[in-house]
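Note that the numbering runs from 1 along the sequence shown for the chain. Values reported hereafter were calculated over all heavy atoms of this structure, with side chains retained and with hydrogens, waters and symmetry mates removed. The structure displayed is predicted, hence computed values, not measured ones. Note that ligands are numbered from 1 as they come in the structure, with each ligand's atoms numbered from 1 the same way.
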Amino acid sequence: MERARDPYERERLRMVEEQLVRRGVTDARVLDALRKVPRHLFVEEALRDRAYGDHPLPIGEEQTISQPYIVALMTQLLELSERDKILEIGTGSGYQTAVLAELARRVCSIERLPRLAERARALLAELGYANVWVRIGSGTLGWPDEAPFDRILVTAGGPAVPPPLFQQLAEGGRLVLPLGDPVNQTLTVVEKVRGEMKTQEHGECKFVKLVGKYAWES
Ligand code: SAH
């Protein structure tokens with residue numbers, strides 16, 4: 001059967017060259033995943049023509065889909081292998097979830113707002129991602145039944161590493177998260193080395209708030 005033509009494919013390929021390759025994203029698997037995932041389907045119809053621009057966009061409920069560069073950078077910082085089991089906190093639109101699902105064995109994603117979680121779950125299923133589980137709940141508590149995780153990604157900004165997430169990280173695992181105040185954060189990579197936290201910082205970023213226990217109240 002002939003594949004339906006994707007009217008946004010050229011824009012997507014241009015996004016990868018101009019916003020990612022040119023700014024130093026080098027991981028070929030990450031670049032391929034962003035060439036493949038149809039980002040325009042993760043925003044409402046009226047915003048589709050802006051889906052490949054160099055910016056975040058609103059997804060309802062005062063939340064945003066992250067800028068393509070930030071998605072690529074965080075995914076690269078995770079240093080994924082196709083055997084990895086990942087926990088993601090903050091499903092939002094499900095776009096980052098799809099990128100992770102292209103690159104890893106299994107993705108468990110938690111979203112606190114039911115409407116966003118349900119929409120993302122339906123879209124990811126429609127796109128054929130069979131290795132993704134989306135759950136409605138409080139992500140700062142992690143997903144104990146599925147732990148340990150090789151990699152954990154938090155796509156909302158909090159004040160500190162929530163202890164349950166570090167506990168649920170496998171030995172040798174990596175946790176990527178924005179840490180700071182409610183407006184500005186530093187993209188942070190935490191590794192678990194012989195049970196201890198080893199931290200590196202990777203520049204400034206701006207995420208919506210991580211809400212819940214061990215994070216902001218609202
Ligand atoms: N990666 C998503 C980002 C969405 S914005 C995307 O690109 O579409 C961050 C999301 O984190 C929001 O949907 C918000 O509701 C969610 N969030 C904030 N705190 C959370 C928590 N404690 N547990 C689960 N989700 C949370």
Side-chain angles (χ1 to χ4, degrees), residues 15 19-20 30 33-34 37-44 47-48 50-78 86-104 107-124 127 129 132-144 146 149 151-166 168 175-180 182-183 185 187 205-218:
M15 168 194 89
Q19 299 174 40
L20 312 185
V30 173
L34 275 102
V37 178
R39 180 172 165 93
H40 58 282
L41 298 180
F42 292 83
V43 299
E44 64 183 86
L47 295 178
R48 281 200 180 149
R50 298 178 58 204
Y52 295 97
D54 189 14
H55 43 64
L57 283 170
I59 55 172
E61 314 252 332
E62 295 174 33
Q63 308 303 322
T64 54
I65 177 172
S66 300
Q67 176 193 11
Y69 175 66
I70 289 291
V71 172
L73 181 61
M74 289 195 300
T75 311
Q76 177 165 281
L77 288 173
L78 281 172
I86 311 180
L87 174 65
E88 179 192 36
I89 312 302
T91 319
S93 66
Y95 175 67
Q96 169 81 69
T97 321
V99 170
L100 297 175
E102 291 284 345
L103 298 169
V107 185
C108 299
S109 186
I110 308 179
E111 169 57 55
R112 62 185 281 270
L113 299 173
R115 277 182 46 197
L116 294 181
E118 278 155 17
R119 199 167 65 195
R121 187 189 280 147
L123 178 57
L124 290 163
L127 292 174
Y129 291 105
V132 171
W133 277 257
V134 177
R135 164 168 152 176
I136 300 166
S138 187
T140 53
L141 304 179
W143 193 325
E146 291 289 340
F149 296 98
R151 301 288 186 262
I152 301 179
L153 176 62
V154 183
T155 66
V161 176
L165 298 187
F166 190 68
Q168 292 172 33
L175 160 58
V176 174
L177 78 177
L179 290 182
V183 181
Q185 304 94 26
L187 203 50
C205 54
K206 277 176 189 283
F207 278 82
V208 298
K209 278 196 275 186
L210 182 68
V211 175
K213 195 168 178 193
Y214 312 114
W216 307 112
E217 270 181 24
S218 61

Solution key, residues 92-101 side-chain donor-acceptor pairs under 3.5 Å, sequence neighbours excluded:
from	atom 1	to	atom 2	distance (Å)
S93	OG	Y95	N	3.1
Q96	NE2	T75	OG1	3.0
T97	OG1	E88	OE1	2.7

So salt bridge (Lys or Arg N to Asp or Glu O under 4.0 Å) across residues 93-103, not counting sequence neighbours, yields K36-E102
Donor-acceptor pair, distance only, cut-off 3.5 Å: does the side chain of Q168 make one with the backbone of W143? yes
Can a donor-acceptor pair be found, under 3.5 Å and without considering hydrogens, that links the side chain of K213 to the backbone of T140?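 Checked: no pair found.
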Mind jotting down which protein residues get a heavy-atom contact under 4.0 Å with ligand 1? Chain and number order, please.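 Answer by chain and number: Q63, T64, I65, S66, I89, G90, T91, G92, S93, Q96, I110, E111, R112, L113, L116, G137, S138, G139, T140, T155, A156, V208, K209, L210, V211.
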Under a 4.5 Å cut-off applied to non-hydrogen side-chain atoms, are L87 and L165 in contact?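 Yes, at least one pair of side-chain atoms sits under 4.5 Å.
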Would you tabulate the side-chain donor-acceptor contacts of residues 55-66 under 3.5 Å, counting partners in other chains and residues two or more places apart, or write 'none'?
from	atom 1	to	atom 2	distance (Å)
E61	OE2	R115	NE	3.4
E61	OE2	R115	NH1	3.3
Q63	NE2	E61	O	3.1

